[in-house]
Amino acid sequence: MKTLKRLFLYFRPYLGIMILYLVMGALIVSLAMLLPQITKAIIASVIGDTPFSILGHTPSSKDALFLELAVAWLTIVIVRQGLSYIRGYLMAKSSIKAVCKMREDIFEKLVWQSQTFLRNENTGNIMTVINGDTEMIKNFFTGTVPAILEAIFGFIFASIMIGQMSWIMVLTAYLFVVPLFLISRKFSKVFYKWYHFVRESSADLSMTTQENITGIRIVKAYAQEEQEKKKFKEKNDAFRYHGINYMVVWGKHFIPFGIISNLPNIVLTIMAALLVINGNTHFMMLDQTMSVAEFVAIGGYVGYILVPFQQINNWLNQTQQAATSAEKVFRFLNTGSIITSKKDAQTVDPTCVNIKMEHVGFSANKTQIIEDVTIDLPQGKSLGIMGTTGSGKTMVTNLMTRFFDVTEGAVTINGVDVKDIDLTSLRACFSPVLQDVFLFSDTIAKNIAFGRPDATYDDVCNCAKIAQAHDFILETPDGYDTIVGERGMGLSGGQKQRISIARALLFNAPVLIFDDATSALDMETEQELYHALRSRGSNQSHIIIAHRISSVKDCDEILIMDKGRIIERGTHEELLALHGQYYEIYKEQYSTVLEAV
């Protein structure tokens, strides 16, 4: 019930259209109720001799009566079809708008989710929620709901029309409601359980497919095609198993349900026939009689009474599917973002960004990742961070940008704790170039201008030149208008890194973060890049995370990290004088130079 109430919130803006939809549905069914009456009139007055008159009008002959009734029949059919089209259009338009709003809410929730959530969440499940589950909800409201409402109207109106001719037949039809309801209730929980399994296995299948599309080069590089085929087959077999079991449960329901739902038609037809045959005699202790014309008319109405019985099985199936999808959507929307902006959050002055970390610690899953880290980075200064893989280098910048919140100490910008700063304002202070370069399926120019969509072509080119990317971009088929595939397919690692660097430069935030950003560049290109950065003459701060001393040796301060702690700090010359870990790295990387000396 809570799920339905929340779904209604998405459709509430279209309440007026929905009311109009209901009115039009009732009108369409009302017009349908006239068709059996026309059939009755044709049999009774055209074929038979019963006088016919409506609203004081009496046709001059049977031929005239038949023509008038035929025109009325055709008019009703045309009007019904027109109203049905308009009603369907209104419902489809409202449902699509509501579901699009739902997708926007899901996507907004996604982009504001924490890194912890995104790391732990199943990618295939997210894709299923955004596409498959919302589509299921849309189909429910554009297909199932209209059918149910029309059936309800038809059931009510047909009951009234049949009741005017034979109330005993209406009561007989109602006797079948109870067993059908009990059967549906018995199987509804089983339906839900197996359909839930189907949706979960579908999400797993989507995730496996998505991973193989994204990581196809790794699969091929390690010759793991057969292994991935085996993994896909396991997921596909699980989906098949749950799908078949779902259909078996549905079939067990369908067989008894189909038999019982058709009994009213058989019983009512026999009763009507006996009432006609018995004429004016007493039948089953009831004073009921029926003419042939009424018998035919009732045959036209019986279908409307039987539809709810015959279709409730399908509606139950579709309702369970929509309910499962809606629960998955709202479960995703209910997932709280660990990192959010406070209501009274402050903004940062972008002209001056002084960063401090004071005795910062961070732990996750009972594991200490960062411990007692203190950093002071004034505006315009540069900070180099080195260390082994897993030493916590990237986590330092993640804590600055609040991708994660510290568990000890504090991170401040201009003396204000980052937890008290608006997230948008905070992250606008940083231009990151990440380890895992991602390029969108778009032109090179738009990838560079991602952070500044209003940038001019000259701005894009200038930043590409500084990033040492301009020359190779011009060599691509369409230059800056060349489309690059997902994750930069078609470009080398170094080319992707340089485009990513150009993107960060164009964003021109107060702090530039290079997270192993030049690892795919050769030494010469790297030095040209850093020389171009220094030549800009900007007051931009630089945080350079690297494994190569050549990347950090000119920084104002260099940190050496190990197991989440800072074990050495100082300038290039100071660290060499310590003869510690930095010195050992220097000896390894510059052994040829040292030997020559």
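Quick note: numbers below take in every heavy atom, side chains included, and nothing from hydrogens, waters or symmetry partners. Remember, predicted model here, so these are calculated numbers, not experimental data.
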I want to check something: taking the side chain as every heavy atom from C-beta on, are Arg402 and Leu423 in contact at a cut-off of under 4.5 Å? yes
Is any side-chain N of the basic residue among Arg569 and Glu557 closer than 4.0 Å to the acidic one's carboxylate O? yes
Tell me, with the steps shown, if Glu584 and Lys587 meet salt bridge (Lys or Arg N to Asp or Glu O under 4.0 Å). CA-CA 5 Å; Glu584 295 300 323; Lys587 285 200 302 181; 3.6 Å; yes
Can you see which heavy atom on Val348 is nearest to which on Cys429, and at what distance? CG1-SG, 3.5 Å
Side-chain contact, heavy-atom cut-off 4.5 Å: Cys461 with Tyr480? yes
Taking 4.0 angstrom as the limit, do Lys229 and Glu226 come out as a salt bridge? yes
Side-chain H-bond candidate by donor/acceptor type, Thr401 with Arg427, under 3.5 Å: no
With a 4.0 Å cut-off on N to O distance, would you call Arg103 and Glu135 a salt bridge? yes
So Phe440 and Phe438, ring pair (Phe, Tyr, Trp, His ring centres under 6.0 Å) or not? Walk me through it. CA-CA 7 Å; Phe440 294 90; Phe438 184 92; 5.1 Å; yes
Are Leu505 and Leu512 close enough that some pair of their side-chain heavy atoms sits under 4.5 Å apart? yes
When every non-hydrogen atom of Gly361 is compared with those of Gln368, the smallest separation belongs to CA-NE2, 4.1 Å
What pair of heavy atoms forms the shortest contact from Ser541 to Val353, and how long is it? OG-O, 4.5 Å
Taking atom types as modelled, is there a side-chain donor on Asp458 or Thr456 under 3.5 Å from an acceptor on the other? no
Please answer whether the main-chain N or O of Ala469 pairs with a side-chain N or O of Gln495 as donor and acceptor at a distance below 3.5 Å. no
Pair Thr394, Gln435: side-chain N/O donor-acceptor within cut-off below 3.5 Å: yes
Kindly check if the number of other-residue, nucleotide or ligand heavy atoms within 6.0 Å of NZ (Lys446) is above 12? no
First locate atom CD1 of Ile560, then atom CZ of Arg565, and finally report the distance between them rounded to the nearest 0.5 Å. 15.0 Å
How close do Ile370 and Val360 get, heavy atom to heavy atom, and via which atoms? CG2-O, 3.6 Å
Side chain to side chain, Leu506 and Phe450, heavy atoms closer than 4.5 Å: no
Are any non-hydrogen side-chain atoms of Lys356 and Ile375 less than 4.5 angstrom apart? no
How about Gln379 and Asn354: does a side-chain donor come under 3.5 Å of a side-chain acceptor? no
Inspect the contact between Lys101 and Asp105 and indicate whether a charged nitrogen and a carboxylate oxygen are less than 4.0 angstrom apart. yes
State, with a plain yes or no, whether a side-chain heavy atom of Asp417 is found less than 4.5 Å away from one of Val411. no
Asp554 versus Ser382, closest heavy-atom pair with distance: O-OG, 4.1 Å
Can you find a side-chain donor-acceptor pair between Tyr586 and His572 that sits under 3.5 Å? no
Write down the atom of Asp478, the atom of Thr482, and the distance for their closest heavy-atom approach. N-OG1, 2.8 Å
For Asp516 and Lys393, run salt bridge (Lys or Arg N to Asp or Glu O under 4.0 Å): C-alpha distance rounded to whole Å, both residues' side-chain angles, the deciding distance at 0.1 Å, then the answer. CA-CA 10 Å; Asp516 210 13; Lys393 305 184 298 296; over 6 Å; no
Compute the ring centroids of Phe239 and Tyr241, then answer whether they are less than 6.0 Å apart. no
Determine whether Met561 and Ile385 make a side-chain contact, defined as any pair of heavy atoms from C-beta on separated by less than 4.5 Å. yes
Would you check, one step at a time, whether the test side-chain contact (heavy atoms from CB on, under 4.5 Å) holds for Thr134 with Ile106? CA-CA 10 Å; Thr134 53; Ile106 295 171; 3.8 Å; yes
Is Lys342 salt-bridged to Asp422, cutoff N-O under 4.0 Å? no
State, yes or no, whether a side-chain contact exists between Val418 and Met400 at a heavy-atom distance under 4.5 Å. no
